[in-house]
Amino acid sequence: MPTGRRRLPPLNALRAFEAAARHGSFRDAAAELGVTHGAISRHVRLLEDWLGPPGLFRRLNRRVVLTPTGAALLADTGAALDRLAAAAERHRARRGAPAPAVLRVNALATFSLRWLLPRLAGFRDRHPEIEVRLTTSNEPVDALREPYDVVIRGGPDTFYGFTARQFLTERRLPACSPALLDRLPLAEVPDLRHHTLLHASSLPRIWAGWLAAAGAPGLEPAASLTFDHFYLTLQAALDGLGVAMGPSALIAADVAAGRLVTPFPDVSLPSRAYHAYRPESQAGDPVAEAFCAWLEERGETAARP
């Protein structure tokens, strides 16, 4: 048994950081944890001071965005808190208290941040007896090192030992902030030569494909910015840094709220649909079935005009 003293960061600060990172908001994290907005801010600042630079968040007007350092810490912190929760459940089970059913879900990071997490409270309200443990990654279904009850990826793909169930379709089209268009209008496709195009390193050819479909192959923009994570590309569009290729399902809420606009809605590229992959060995699992049925229901709602 280890005898050395662990050098642990402030645990309440870690909990506040993890909640703020999931919500992208100090205010929403405060509501979840039952504390004040100021308390979350102080806990996060305490953690940043304890860890030292670089910081964990970029603080914007009404939201916070993880820095690459913060995203790496979130991955480790979420897993550690999951293990603590599992230990508590085992203790409760030994005392005879009923433990919630646990559903292990692995999903793409951008999809989780922009589509799944904002809707997950609805699933919890409907199924309070199910605890969803969400992990994000981009690895193929059959390359995951840990077992999951549901894996959300694009498709349709065939993986040995898994069944696939489509629940959400989308297309990709340019999106930007209204403030950007106030500065640099986009009346027609050639106007993009005056703009900065935002790229994700995982989708290096998507802008070329869209420009070809829009009848402007070879168009050279004023500048380009490339990010290693797709959700950073969308965040850059929200912040007015340029024009991104937005997946229709993942930007729908921002478009509806007026945070993003789609200047060329009639030209879009097809995208792989989202599928829920489940191990065939767990085909009869009612917990995973309830979650997949809920995904289908929410996907159908999102598809309605």
Side-chain angles (χ1 to χ4, degrees), residues 5-87 105-121 132-139 146 177 198-202 225-242 244 250-251 253-254 259-260:
R5 181 181 176 184
R6 295 183 178 89
R7 188 169 180 266
L8 295 173
L11 297 184
N12 281 338
L14 273 180
R15 191 174 177 222
F17 159 74
E18 191 270 343
R22 279 191 287 107
H23 288 287
S25 163
F26 285 1
R27 189 175 305 279
D28 291 345
E32 177 185 314
L33 299 180
V35 298
T36 65
H37 177 280
I40 296 293
S41 181
R42 287 192 296 275
H43 277 309
V44 170
R45 181 63 67 189
L46 175 65
L47 182 61
E48 289 180 321
D49 290 343
W50 191 91
L51 292 170
L56 302 174
F57 290 107
R58 292 172 52 222
R59 286 145 171 93
L60 306 177
N61 186 22
R62 294 188 178 180
R63 61 188 184 276
V64 290
V65 179
L66 285 169
T67 63
T69 299
L73 180 63
L74 175 61
D76 291 334
T77 301
L81 292 177
D82 283 345
R83 288 194 293 272
L84 283 173
V105 178
N106 184 285
L108 300 165
T110 303
F111 171 83
S112 298
L113 287 168
R114 303 197 61 83
W115 195 92
L116 183 56
L117 283 177
R119 293 165 172 80
L120 199 53
V132 177
R133 294 184 183 171
L134 176 63
T135 303
T136 64
S137 73
N138 297 325
E139 294 176 284
E146 297 182 25
S177 73
L198 305 175
H199 301 264
S201 57
S202 58
L225 282 175
T226 300
F227 300 88
D228 58 345
H229 292 291
F230 191 62
Y231 65 79
L232 294 178
T233 305
L234 295 182
Q235 188 59 55
L238 285 163
D239 293 340
L241 295 181
L250 304 192
I251 64 171
D254 292 305
R259 294 185 292 267
L260 289 176

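Computed over heavy atoms, backbone and side chain alike; hydrogens, waters and symmetry mates excluded.
Using a 4.0 Å cut-off between a side-chain N of Lys or Arg and a carboxylate O of Asp or Glu, R59 and E48 qualify as a salt bridge.
Rounded to the nearest 0.5 angstrom, W50 CH2 and L14 CG are separated by 8.5 Å. A distance of 12.5 Å separates OG1 of T110 from CG of L116, quoted to the nearest 0.5 Å. If you take CG on L66 and CG on L113, they are separated by 7.5 Å, rounding to the nearest 0.5 Å.
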Throw together a table of side-chain donor-acceptor distances under 3.5 angstrom for residues 16-27, partners on residues two or more places apart or in other chains.
residue: E18; atom: OE1; partner: R22; partner atom: NE; Å: 3.2
residue: E18; atom: OE1; partner: R22; partner atom: NH2; Å: 3.3
residue: E18; atom: OE2; partner: R22; partner atom: NE; Å: 2.7
residue: R22; atom: NH1; partner: E32; partner atom: OE1; Å: 3.2
residue: R22; atom: NH2; partner: E32; partner atom: OE1; Å: 3.2
residue: R22; atom: NH2; partner: E32; partner atom: OE2; Å: 2.5
residue: H23; atom: NE2; partner: E32; partner atom: OE1; Å: 2.5
residue: S25; atom: OG; partner: R27; partner atom: N; Å: 3.2
residue: S25; atom: OG; partner: D28; partner atom: N; Å: 3.0

Check: residues 229-237 side-chain donor-acceptor pairs under 3.5 Å, at least two apart:
residue: T233; atom: OG1; partner: H199; partner atom: O; Å: 3.3
residue: Q235; atom: NE2; partner: D239; partner atom: OD1; Å: 3.2

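Smallest separation of non-hydrogen atoms from S177 and L260: N-CD2, 4.0 Å. Closest non-hydrogen pair, A107 versus L134, comes out as CB-CD1, 4.1 Å. Nearest approach of S112 to P118, heavy atoms of both residues: O-CD, 4.1 Å. Considering all non-hydrogen atoms of both residues, N106 and S137 come closest at OD1-OG, 3.1 Å. Nearest heavy atoms, T69 versus P54: OG1-CG, 3.1 Å.
Inter-residue side-chain proximity for S202 and N138 is flagged as unmet; no heavy-atom pair is nearer than 4.5 Å. Taking the side chain as every heavy atom from C-beta outward, F57 and T67 never approach each other to under 4.5 Å. A 4.5 Å side-chain heavy-atom check between L60 and L238 finds every atom pair outside the cut-off. Contact check for L117 versus L120: side-chain heavy atoms found under the 4.5 Å cut-off.
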*Does the pair L51 and L73 meet the rule for a side-chain contact (heavy atoms from CB on, under 4.5 Å), with working shown?*
CA-CA 11 Å; L51 292 170; L73 180 63; 3.8 Å; yes

